[in-house]
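Single-structure report; data block below.
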Amino acid sequence: MFENISKNGIYKNLFNGKWIEAKNKSTIEISSPVDGKFVGKIQALSKEEVDEIFENSKEAQKSWAETPVNERAKILHKAADLLEENADEIAKIMSEEISKDKESSLSEVVRTADFIRFTADEGMHLEGETIGSDSFPGFKKNKVSLVTRVPLGVVLAISPFNYPVNLSASKIAPALIAGNSVILKPPTNGAISALHLAEVFNAAGLPSGVLNTITGRGSEIGDYLVTHKLVNFINFTGSTAVGRHIAKISEMVPMLMELGGKDAAIVLPDANLEEAAKNIVSGAYSYSGQRCTAVKRVLAVNSIADKLTELIADNVKKLKVGNPEDGAKVTPLINDKAADFVQELIDDAIEKGAKLILGNKKEKNLMYPTLFDNVTTDMRLAWEEPFGPVLPIIRVNNIDEAIKIANESEYGLQASIFTRNMDDAFYIAGKLEVGTVQINNKPERGPDHFPFQGVKSSGIGSQGIRYSIEAMSRRKAIVLNIK
Ligand code: NAP
Ligand code: G3P
């Protein structure tokens with residue numbers, strides 16, 4: 001089904017329902033982070049082409065907005081079915097392209113099909129309201145405000161490398177069901193998987209121009225996209241640095257941003273330590289720590305810190321390291337730069353006296369799972385997001401010190417609390433400056449209809465199926481004045 005999207009290894013862009021080659025012939029080579037093997041080339045579109053695409057998306061949105069929501073939903077359901085039918089092929093490409101283990105790649109695709117279906121159904125149940133005037137002082141029953149939701153126009157969806165299919169679809173599907181057209185700017189590493197997703201929507205019968213794609217390096221074309229005069233909404237997931245830059249340069253354009261994190265796992269003395277350790281290890285090291293919701297620090301109360309560290313280390317030792325093809329869970333990082341950055345944080349922690357429990361081994365961009373105890377707040381690892389398989393354990397004296405350190409982070413995505421005492425759990429949860437607190441589980445975004453949001457440097461606005469649809473639509477009021 002994907003024969004049209006590439007020619008001689010060069011992936012095209014979806015424009016007005018057709019896969020087109022760029023006029024300028026400028027391409028970017030995508031090689032696998034696993035072994036450098038050629039995966040394909042993507043095109044770097046020019047500003048002129050970007051302009052044409054925006055014009056086309058703007059035009060296509062008009063009739064899409066008029067399409068009954070039940071028809072939009074049928075197309076989304078069809079897209080979900082096609083995605084599932086082609087899950088193995090897409091997962092294989094994703095695994096090569098971003099070095100994600102096979103099982104996680106496949107589960108990302110299947111989860112995305114479920115996401116699209118749920119979005120289609122949720123979109124059909126979005127309701128407006130009527131508000132009578134007489135509840136406001138001085139007014140009689142002579143006015144009624146009829147409030148409905150209408151689309152915003154052209155949504156620019158920018159996704160990161162770590163979930164190229166899911167975090168593209170989690171923008172596209174809610175935007176479409178709300179009646180917007182979408183321009184997808186996929187991550188450069190991950191673009192090929194994301195272009196397959198775009199073809200799935202296209203093949204499902206989406207009218208021409210309702211979904212277009214623009215490939216090219218964010219550092220080259222990104223500023224032009226986010227400041228384009230025809231963009232009506234920016235839905236961005238990626239690093240805090242880029243998110244902050246976009247927020248600064250785009251003028252008065254509403255946006256939804258999911259950015260970096262430094263999620264803490266707070267472990268109290270009465271916790272089930274075996275369960276906590278399992279959760280922490282799975283949270284910290286799956287996809288080699290390249291998840292915004294990875295556990296990125298453990299705040300362990302002193303009295304159980306020795307035992308917890310031992311249990312975490314036992315679980316880390318069981319992780320398979322190597323090639324995603326061989327079922328490894330800790331696989332090469334997305335590129336050498338990412339691995340060098342993780343190494344910098346490790347070196348800093350060692351230099352400042354952290355106790356290395358496991359790891360500190362690097363083979364090119366493959367970082368072995370690394371665990372530190374006795375990390376202190378003067379170390380970069382206590383605060384910076386490694387986006388790699390390294391976990392610091394910070395010892396604390398009590399609950400209030402854990403809360404203080406947790407909140408001193410510039411980030412505020414999620415946090416976990418491990419305890420059997422619900423009074424303590426709710427006391428801590430109430431004080432943490434994060435979007436979501438998990439009690440006795442690792443941080444995670446799903447299930448995807450839950451609200452998912454970051455505060456502080458972790459984002460703006462709420463994702464989650466209904467919340468994303470609401471973010472990409474607006475209220476419109478028509479007031480009926482009765483004589
Ligand atoms: P990134 O470098 O910020 O890139 C994200 C996307 O932005 C890519 O498509 C990138 O394109 C594009 N981009 C780069 N510069 C741009 C610009 N000036 N204008 C517009 N777009 C631009 O992030 P990443 O390395 O892909 O992803 C890792 C980061 O994302 C981590 O910090 C992680 O925590 C965060 N993340 C957050 C969440 C969440 O939900 N909170 C989820 C996943 C990831 P190119 O690929 O072409 O550079
Ligand atoms: O980093 C991607 C973010 O959306 C997290 O998703 O499912 O890994 O918690 P998940």
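When a ligand or atom number is given, it counts from 1 through the structure's own listing order.
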Note: E108-R111 ion pair, threshold 4.0 Å (strictly below): no
Atom 40 (O) of ligand 1: nearest protein contact (heavy atom, Å): E258 CB, 3.1 Å
E199 vs W19 side-chain heavy atoms within contact, under 4.5 Å: yes
Which of the ligand 1 atoms, numbered from 1, are nearer than 4.0 Å to a heavy atom of L167: 42 (C), 43 (C)
K329 bridged to E103 by N-O distance under 4.0 Å: yes
Lys/Arg cation over aromatic F236: K185, 6.0 Å, 45° cone: no
Numbering as shown, the atoms of ligand 1 that approach F452 to under 4.0 Å (heavy-atom distance): 40 (O)
Closest protein heavy atom to atom 18 (N) of ligand 1, given as residue, atom name and distance to 0.1 Å: D223 OD1, 3.0 Å
Flag for S159-S168: side-chain donor and acceptor within less than 3.5 Å: yes
Closest approach of any protein heavy atom to atom 35 (C) of ligand 1, naming residue and atom: G238 O, 3.1 Å
Non-hydrogen atoms of T240 and G260 that approach each other most closely: OG1-N, 3.2 Å
Anything under 3.5 Å between an N or O on ligand 2 and a protein N or O? List each pair with its distance, or write none.
{"from": "ligand 2", "atom 1": "1 (O)", "to": "N162", "atom 2": "ND2", "distance (Å)": "3.0"}
{"from": "ligand 2", "atom 1": "1 (O)", "to": "C292", "atom 2": "N", "distance (Å)": "2.7"}
{"from": "ligand 2", "atom 1": "4 (O)", "to": "R445", "atom 2": "NE", "distance (Å)": "2.6"}
{"from": "ligand 2", "atom 1": "6 (O)", "to": "R445", "atom 2": "NE", "distance (Å)": "3.3"}
{"from": "ligand 2", "atom 1": "7 (O)", "to": "R111", "atom 2": "NH1", "distance (Å)": "2.7"}
{"from": "ligand 2", "atom 1": "7 (O)", "to": "R111", "atom 2": "NH2", "distance (Å)": "3.2"}
{"from": "ligand 2", "atom 1": "8 (O)", "to": "Y163", "atom 2": "OH", "distance (Å)": "2.3"}
{"from": "ligand 2", "atom 1": "8 (O)", "to": "R291", "atom 2": "NE", "distance (Å)": "2.7"}
{"from": "ligand 2", "atom 1": "8 (O)", "to": "R291", "atom 2": "NH2", "distance (Å)": "3.2"}
{"from": "ligand 2", "atom 1": "9 (O)", "to": "R291", "atom 2": "NH2", "distance (Å)": "3.3"}
{"from": "ligand 2", "atom 1": "9 (O)", "to": "T293", "atom 2": "OG1", "distance (Å)": "2.7"}
{"from": "ligand 2", "atom 1": "9 (O)", "to": "R445", "atom 2": "N", "distance (Å)": "2.8"}

Salt bridge (charged side-chain N to carboxylate O under 4.0 Å, His left out) evaluation trace for K23 with E48: CA-CA 10 Å; K23 290 178 193 136; E48 293 68 35; over 6 Å; no
Residue part near ligand 1, for N162, under 4.0 Å between non-hydrogen atoms: side chain
Residue of the set I221, N24, I20, I53 for which side chain to side chain contact (heavy atoms under 4.5 Å, CB included) holds with L45: I53
Trace of the salt bridge (charged side-chain N to carboxylate O under 4.0 Å, His left out) decision for K37 with E325: CA-CA 13 Å; K37 204 177 99 194; E325 275 279 298; over 6 Å; no
Atom 26 (O) of ligand 1: the protein heavy-atom neighbour that sits closest, reported with distance to 0.1 Å: F161 N, 3.1 Å
Part of F387 with heavy atoms under 4.0 Å of ligand 1, whether side chain, backbone, both or neither: side chain
Top protein contact for atom 11 (O) of ligand 1, by heavy-atom distance: K185 NZ, 3.0 Å
Mode of P186 contact toward ligand 1 - side chain, backbone, both, neither (heavy atoms, under 4.0 Å): backbone
Selected option - heavy-atom contact closest to atom 23 (O) of ligand 1, from S239, A194, A44: S239
Enumerated ligand 1 atoms positioned under 4.0 Å from heavy atoms of R217: 47 (O)
Per-atom contacts of ligand 1 with I158, taking only distances under 4.0 Å to non-hydrogen atoms: 6 (C), 7 (O), 9 (O), 12 (C), 20 (C), 21 (N)
Atoms in ligand 1 with a heavy atom of G222 nearer than 4.0 Å: 17 (C), 19 (N), 20 (C)
Numbered atoms and elements of ligand 1 in range of G216, under 4.0 angstrom, heavy atoms: 47 (O)
E122 side chain to T119 side chain, donor-acceptor N/O pair below 3.5 angstrom: no
Ligand 1-proximal atoms of H245, by part, heavy-atom distance under 4.0 Å: side chain
Identity of the nearest option to atom 36 (N) of ligand 1, non-hydrogen atoms only, from S250, P160, C292: C292
Close-contact set for ligand 1 against P187 heavy atoms, below 4.0 Å: 8 (C), 9 (O), 46 (O)
Residues K278, E274: salt bridge by 4.0 Å N-O rule: no
Short side-chain donor-acceptor distance under 3.5 Å, T293 and D263: no
Check ion pair E385-K296 (N to O, under 4.0 angstrom): yes
Nearest neighbour of atom 9 (O) of ligand 1 from the list G218, G261, S159, on a heavy-atom basis: S159
Element-labelled atoms of ligand 1 that are located less than 4.0 Å from some non-hydrogen atom of T188: 45 (P), 46 (O), 47 (O)
Nearest neighbour in protein (non-hydrogen) for atom 32 (O) of ligand 1: E385 OE1, 2.8 Å
Identity and separation of the nearest protein heavy atom to atom 7 (O) of ligand 1: F236 CE1, 3.2 Å
Donor-acceptor contact below 3.5 Å, side chain Q343 vs main chain K362: no
Nearest neighbour in protein (non-hydrogen) for atom 37 (C) of ligand 1: L259 O, 2.9 Å
Approximate separation, where rounding is to 0.5 Å, of T377 OG1 and K404 NZ: 7.5 Å
Pairing of E258 and R445 as salt bridge, 4.0 angstrom limit: no
Q414 and Q438 side chains, donor-acceptor separation under 3.5 Å: yes
